[in-house]
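All values derive from a computational prediction rather than experimental measurement.
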Amino acid sequence: MTVDPYRRVLAIPGVRALMLVGLVARIPVTAAGLTLTVHVVNSLKLGFFQAGLVGAAVTVGTAVGAPVSGRFVDRHGLRPVVAITTVAEVAFWVSAPFLPYWLLLGGAVLGGVLALPVMSLVRQCVAAAVPAEQRRAGFALDSMLVEVAYMIGPALAVASATAFGSGATMAAVGMGLVGSGVAMLILNPPTRAGDDEAPGAAVPRRQWLTPALFSVLGITFAATFVLIATELSLVAVLKADNAARWSGLAIGLWCFWSLVGGFVYGALPRGFSPLVMIGAMAALTVPVGLVGSWQLLCMAMIPAGILCAPALSTTADTLSQWVPAGARGEAMGLHGTALTLGLAVSAPITGSIIDTYGTRWSFAIAGLAGLLLVILAIPFWRRAPQPAQSVVPEPAAA
């Protein structure tokens with residue numbers, strides 16, 4: 001294994017700055033959900049159910065808005081979309097601390113629809129900046145930075161809310177998102193490679209929104225479903241063992257092994273199909289619940305944890321190769337929607353399984369569900385398209 005693939009990716013003009021801005025921009029994004037939860041519980045004095053509804057509202061809005069934002073980027077370029085969503089972030093986060101609950105709930109939906117599309121936008125820019133033969137390393141590096149952002153963002157949100165209160169934390173998140181938007185406007189990374197068609201050349205969906213692409217989105221959903229189920233089940237095991245104080249350490253170790261896996265995968269001479277990566281991750285999750293103590297559980301989770309970042313990065317890599325550049329923004333938005341829906345659907349289902357049957361079954365059912373979705377994707381994968389080239393629409397008839 002060597003670091004040369006990463007060195008070559010970072011040597012591409014603009015990629016180093018893109019990765020740095022992407023990391024910093026994602027930190028407030030990862031802190032936003034927990035900040036809203038703390039605000040509803042601590043400032044509005046409501047329960048976790050109401051806080052969960054706000055989180056679900058943001059999720060629904062984000063799932064709807066991500067592909068719409070991506071399509072606008074395809075048609076009009078990066079700057080108009082980033083400018084509009086940055087203004088929307090200012091409006092939401094400035095007003096949110098003063099809104100009564102029901103207005104906050106409605107604002108959360110609208111705020112999700114108009115959220116700054118940092119996650120999908122950075123992936124789209126990576127696909128444009130990095131040649132196809134180096135994208136596996138590029139997306140692996142991007143996935144590792146996402147892990148780092150998730151390790152930093154929620155921890156900062158909790159620390160800030162504890163020290164300064166939820167109002168100040170919401171203001172800080174808002175300023176962070178605005179700073180992220182401004183940084184993206186200044187950097188203005190290309191969303192298409194130099195030999196792609198210019199923005200505005202629409203690509204008909206029938207040319208790329210195929211059953212094969214839906215299978216990629218389906219297993220992307222499966223990956224995040226398994227990941228969230230694993231996280232919640234781990235926390236439940238720690239609580240049952242009276243070791244809840246070690247939750248941060250246990251989840252941090254899990255993220256660390258994901259980082260290690262992403263680093264190793266990006267440096268390999270060849271990659272693997274997302275079917276293999278996500279199927280293996282799901283299969284390795286099934287028996288984890290049979291382990292006794294939480295210390296052994298953390299060790300048993302290492303094999304599946306190592307596959308987390310590689311599994312997510314390989315779905316983005318595959319999608320970037322199957323979709324023409326003129327539709328890549330919308331496709332990356334759909335990829336973000338699949339990730340978001342996996343997160344949203346997994347939490348209540350896993351919680352219900354834990355409450356009813358215990359953590360042994362929650363690990364097993366999550367892993368088996370992931371395996372089932374991978375198996376269902378196989379027939380469509382066999383009819384998968386060849387790596388996409390830029391598609392230029394035919395001139396309209398007079």
- Task: Tell me whether the guanidinium CZ or amine NZ of R136 lies under 6.0 angstrom from the six-membered ring centre of Y265 and within 45° of its axis.
- Result: yes

- Is any side-chain heavy atom of S352 closer than 4.5 Å to a side-chain heavy atom of Y357? no

- Message: To the nearest 0.5 Å, what is the distance between CH2 on W294 and CE on M301?
- Response: 12.0 Å

- Item | CG-CH2 distance between D317 and W322, expressed to the nearest 0.5 angstrom | 11.0 Å

- Item | Closest approach of L121 to T191 (non-hydrogen atoms, all atoms of both residues) | CD1-CG2, 4.5 Å

- Query: Between T169 (side chain) and A161 (backbone), is there a donor-acceptor pair under 3.5 Å?
  - Reply: yes

- Going through the checks in order, is the side-chain contact (heavy atoms from CB on, under 4.5 Å) test met by F380 and L213? CA-CA 9 Å; F380 303 101; L213 190 112; over 6 Å; no

- Message: Walk me through whether S258 and I306 qualify under side-chain contact (heavy atoms from CB on, under 4.5 Å).
- Response: CA-CA 4 Å; S258 177; I306 287 175; over 6 Å; no

- Message: I need the minimum non-hydrogen distance between G181 and L116, along with the two atoms involved.
- Response: N-CD2, 3.7 Å

- Which atom names give the shortest non-hydrogen contact between M281 and A311, and what distance separates them? SD-CB, 4.4 Å

- Message: Between S215 and A212 (side chain of the first, backbone of the second, donor and acceptor by atom type, cut-off under 3.5 Å), is there such a pair?
- Response: yes

- Looking only at atom types and distance, does a side-chain atom of E147 sit under 3.5 Å from a main-chain N or O of A309, one as donor and one as acceptor? no

- Message: For the CZ atom of F98 and the CG atom of L104, what is their distance to the nearest 0.5 Å?
- Response: 12.5 Å

- Donor + acceptor pair across side chains of S43, S166 (<3.5 Å): yes

- Might you work through the side-chain contact (heavy atoms from CB on, under 4.5 Å) test for V15 and M19, ending with a clear yes or no? CA-CA 6 Å; V15 171; M19 293 294 183; 4.1 Å; yes

- Item | Salt bridge flag under 4.0 Å for residues R26 and D142 | yes

- For residues Y101 and Q50, report the shortest heavy-atom separation together with the two atoms involved. OH-O, 2.7 Å

- Check: G33 main-chain N/O paired with T37 side-chain donor or acceptor under 3.5 Å: yes

- Considering all heavy atoms of both residues, which atom of A149 and which atom of P154 are nearest to each other, and what is their separation? O-CD, 4.1 Å

- Message: For G266 versus Y6, what's the shortest heavy-atom pair and its separation?
- Response: CA-OH, 3.0 Å

- Backbone of G333 reached by a side-chain donor or acceptor of S120 within 3.5 Å: no

- Is the closest basic N to carboxylate O distance between R71 and D74 below 4.0 Å? no

- Query: Does a donor on one side chain sit under 3.5 Å from an acceptor on the other, for T315 and H335?
  - Reply: yes

- Item | From CG (L20) to CG (L145), nearest 0.5 Å | 9.0 Å

- Task: Determine yes or no for a side-chain-to-main-chain donor-acceptor pair under 3.5 angstrom, with T314 supplying the side chain and P310 the backbone.
- Result: no

- Sorted by chain and residue number, the side-chain hydrogen bond (donor to acceptor under 3.5 Å, both in side chains) partners of T220 (sequence neighbours excluded) come out as none

- Reported CZ-to-CE distance for the pair F263 and M144, which is rounded to 0.5 angstrom: 6.5 Å

- Message: Test of understanding: with side-chain hydrogen bond (donor to acceptor under 3.5 Å, both in side chains), list the residues that count as partners of Q134, not counting sequence neighbours.
- Response: none

- Message: Do V21 and R16 have side chains that approach each other closer than 4.5 Å (heavy atoms only, starting at C-beta)?
- Response: no

- Query: From L259 CG over to M151 CE, what is the distance, rounded to the nearest 0.5 angstrom?
  - Reply: 6.0 Å

- Would you find a donor on one side and an acceptor on the other, under 3.5 Å apart, between the side chain of T210 and the backbone of R206? no

- With side-chain contact (heavy atoms from CB on, under 4.5 Å) as the test, would you mind laying out the steps for V345 and F221 before giving the verdict? CA-CA 9 Å; V345 171; F221 170 91; 4.1 Å; yes

- Query: Can any side-chain N or O of S69 pair as donor or acceptor with the backbone N or O of A66 at less than 3.5 Å?
  - Reply: no

- Could you tell me whether the side chain of S346 and the main chain of A229 form a donor-acceptor pair under 3.5 Å? yes

- Message: Could you check whether any side-chain N or O of S160 sits under 3.5 Å from a backbone N or O of L156, counting only pairs where one atom can act as donor and the other as acceptor?
- Response: no

